[in-house]
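Note that the numbering runs from 1 along the sequence shown for the chain.
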Amino acid sequence: MESKKHKRKINHVVIVASDAVDAKVRQFRIKPWLFQTMVIVLCILLGVFIGYFIYEERIWTGTWRTVDQQNTELTDQISRLEEEKKALQAQLESQNEKIQILSDTVNQKTQSESELTAELERQSLPSEFPLTGSASMDEVTEGDPMCIFTASAGTMVVAAASGTVTAVNDDGEYGHNVWVDHGNGYVTIYRNQGDVMVNQGDTVVQGSTLFLIGEENTTLGYQMMKDGAYINPMDMLAISG
C-alpha cells in the first residue's frame, strides 16, 4: 500500500528588525488563511483605488468636456452678441444720420419759412413808392394827410405793398379811387382820373399796376391809414429809406 502523504503546514513569518544595536528581532507568525485574506483584501483595495481613479478620471474628463463645450457655446454667444452690438451701433449711427439730416431739413425749412414770412411781411408793409417813375410832390396840410404826386405820361401807379383791393369807387375830384387793405392794419388809397386796372376783391402784390398815367391824368392823390386813422404816407416812405 502506498504510504499516506502528510500535508505540509506552511506558516508565514513576518520578521521585524531595527537598526538599533541592542534591538531585538521580532517574529510574527501569520497563518496562511489570514495571509491570503490580507492579500485578497489588499488586492480588492488596490482594485477599488485604481477603479476609483479611473472613474474619477472619466468624470473629470466628461466634466472638462462639458466645460469646454459650455465655454465654446459661451464664446459663440459672445461673438453673436458682439456682431449684434455692431449691427445695432451701425443702425443707431444710420438713424442718427437720418435724424441729423431731418433736423437740418426741418431747420432749413423753418428758416425758409421764417425768411418767407419776413419777406411777406415786408411786402405787406406799404413802404414802396406808388409810382414807377419820378414825380414831383405836394403835401396837403389841411384835413386828412395826403401826398399829391405829378408824374409824366407812361408812368404807372402801382400798389405800395401786397394786399387785397377792398373798394373801387368814383372820386369827385380825382375821378376814381382804389383802396388796398394790406392785412396788417395798413390801408393805402390811390386817387387818379385814369382807367382802373383792378377790380374789387383782387389780390395784388407789391408793384401791381393800379392806374396808367396819361396826358390828362398826371396827378395821383396818395393816402394811407393805420388801424383806421389817417397817417402821413411820407412817414412810411422815410422808413423804407
Side-chain angles (χ1 to χ4, degrees), residues 80-135 137 139 144-149 151 154-169 176-192 194-213 220-241:
R80 287 195 299 270
L81 289 175
E82 289 291 337
E83 292 177 357
E84 291 177 358
K85 179 181 177 181
K86 291 180 180 179
L88 289 174
Q89 287 178 344
Q91 291 179 359
L92 182 60
E93 291 177 358
S94 177
Q95 291 296 328
N96 287 336
E97 289 178 359
K98 292 180 180 179
I99 291 173
Q100 185 62 43
I101 293 173
L102 182 60
S103 177
D104 293 341
T105 302
V106 171
N107 290 336
Q108 291 176 359
K109 184 177 180 181
T110 302
Q111 183 178 359
S112 298
E113 290 179 350
S114 298
E115 292 175 353
L116 179 60
T117 301
E119 179 62 19
L120 291 175
E121 290 178 355
R122 187 193 67 79
Q123 292 184 4
S124 297
L125 194 65
S127 58
E128 294 299 316
F129 195 61
L131 293 163
T132 58
S134 60
M137 185 194 72
E139 290 189 55
D144 298 327
M146 179 186 295
C147 291
I148 300 175
F149 297 100
T155 303
M156 290 180 291
V157 177
V158 296
S162 301
T164 302
V165 178
T166 56
V168 177
N169 302 313
H176 307 284
N177 57 57
V178 175
W179 295 60
V180 178
D181 187 349
H182 302 287
N184 50 9
Y186 287 97
V187 176
T188 50
I189 306 162
Y190 309 81
R191 304 177 185 274
N192 185 261
D195 295 333
V196 180
M197 308 298 292
V198 293
N199 297 309
Q200 183 176 350
D202 288 351
T203 299
V204 296
V205 297
Q206 197 172 62
S208 295
T209 301
L210 305 179
F211 296 95
L212 179 61
I213 298 294
L220 169 67
Y222 180 55
Q223 292 179 292
M224 185 178 299
M225 301 179 71
K226 171 62 176 175
D227 298 328
Y230 283 95
I231 63 174
N232 189 344
M234 290 305 299
D235 293 341
M236 292 300 298
L237 292 176
I239 290 175
S240 68

Non-hydrogen atoms of [X] and [Y] that approach each other most closely:
X: Asn199; Y: Asp202; value: N-OD2, 2.8 Å
X: Leu125; Y: Tyr186; value: CD1-CE1, 3.6 Å
X: Val158; Y: Leu131; value: CG2-N, 4.0 Å
X: Asn232; Y: Cys147; value: OD1-SG, 4.2 Å

Do any pairs count as a salt bridge (Lys or Arg N to Asp or Glu O under 4.0 Å) and have a residue in residues 112-122, sequence neighbours left out, and if so which ones?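 Counting only pairs at least two positions apart or across chains, the salt bridge (Lys or Arg N to Asp or Glu O under 4.0 Å) contacts touching residues 112-122 are Glu119-Arg122.
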
Side chain [X], main chain [Y], donor-acceptor under 3.5 Å:
X: Ser103; Y: Ile99; value: no
X: Thr155; Y: Ile213; value: no
X: Gln200; Y: Thr166; value: yes
X: Ser94; Y: Ala90; value: no
X: His182; Y: Val187; value: no

Can you label the angle between the His176 ring and the Phe211 ring as parallel, tilted or perpendicular, going by 30° and 60°?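 Rings of His176 and Phe211: parallel, under 30°.
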
Do Trp179 and Asp181 pass the side chain to side chain donor-acceptor pair (under 3.5 Å) test, and can you show the C-alpha distance, the side-chain angles, and the key distance before you say yes or no? CA-CA 7 Å; Trp179 295 60; Asp181 187 349; over 6 Å; no

Rounded to the nearest 0.5 Å, how far apart are [atom1] of [X] and [atom2] of [Y]?
X: Asn96; Y: Ile101; atom1: CG; atom2: CD1; result: 11.0 Å
X: Lys85; Y: Glu83; atom1: NZ; atom2: CD; result: 13.0 Å
X: Glu97; Y: Gln95; atom1: CD; atom2: CD; result: 10.0 Å

Sub-4.5 Å side-chain heavy-atom contact between [X] and [Y]:
X: Met156; Y: Leu212; answer: yes
X: Met224; Y: Asp235; answer: no
X: Tyr190; Y: Val180; answer: yes
X: Pro130; Y: Leu220; answer: yes
X: Val157; Y: Phe149; answer: no
X: Ile148; Y: Arg191; answer: no
X: Val106; Y: Lys109; answer: no
X: Gln100; Y: Asp104; answer: yes

When you look at CE of Met197, are more than 12 heavy atoms from neighbouring residues, nucleotides or ligands closer to it than 6.0 Å?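 Incorrect, the count does not exceed 12.
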
Answer yes or no: does atom CG of Asp144 have more than 12 heavy-atom neighbours from other residues, nucleotides or ligands under 6.0 Å?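 Counting other residues, nucleotides and ligands, CG of Asp144 exceeds 12 neighbours.
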
Should Met234 and Met137 be marked as a side-chain contact (heavy atoms from CB on, under 4.5 Å) after you check the CA-CA gap, both sets of side-chain angles, and the distance that decides it? CA-CA 10 Å; Met234 290 305 299; Met137 185 194 72; 3.4 Å; yes

So, using side chain to side chain donor-acceptor pair (under 3.5 Å) as the criterion, who are the partners of Gln206 when residues are at least two apart?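 For Gln206 there are no side chain to side chain donor-acceptor pair (under 3.5 Å) partners, ignoring immediate neighbours.
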
Picking from Val168, Leu210, Asn177, what satisfies side-chain contact (heavy atoms from CB on, under 4.5 Å) with Val196?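 Filter result, single survivor: Val168.
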
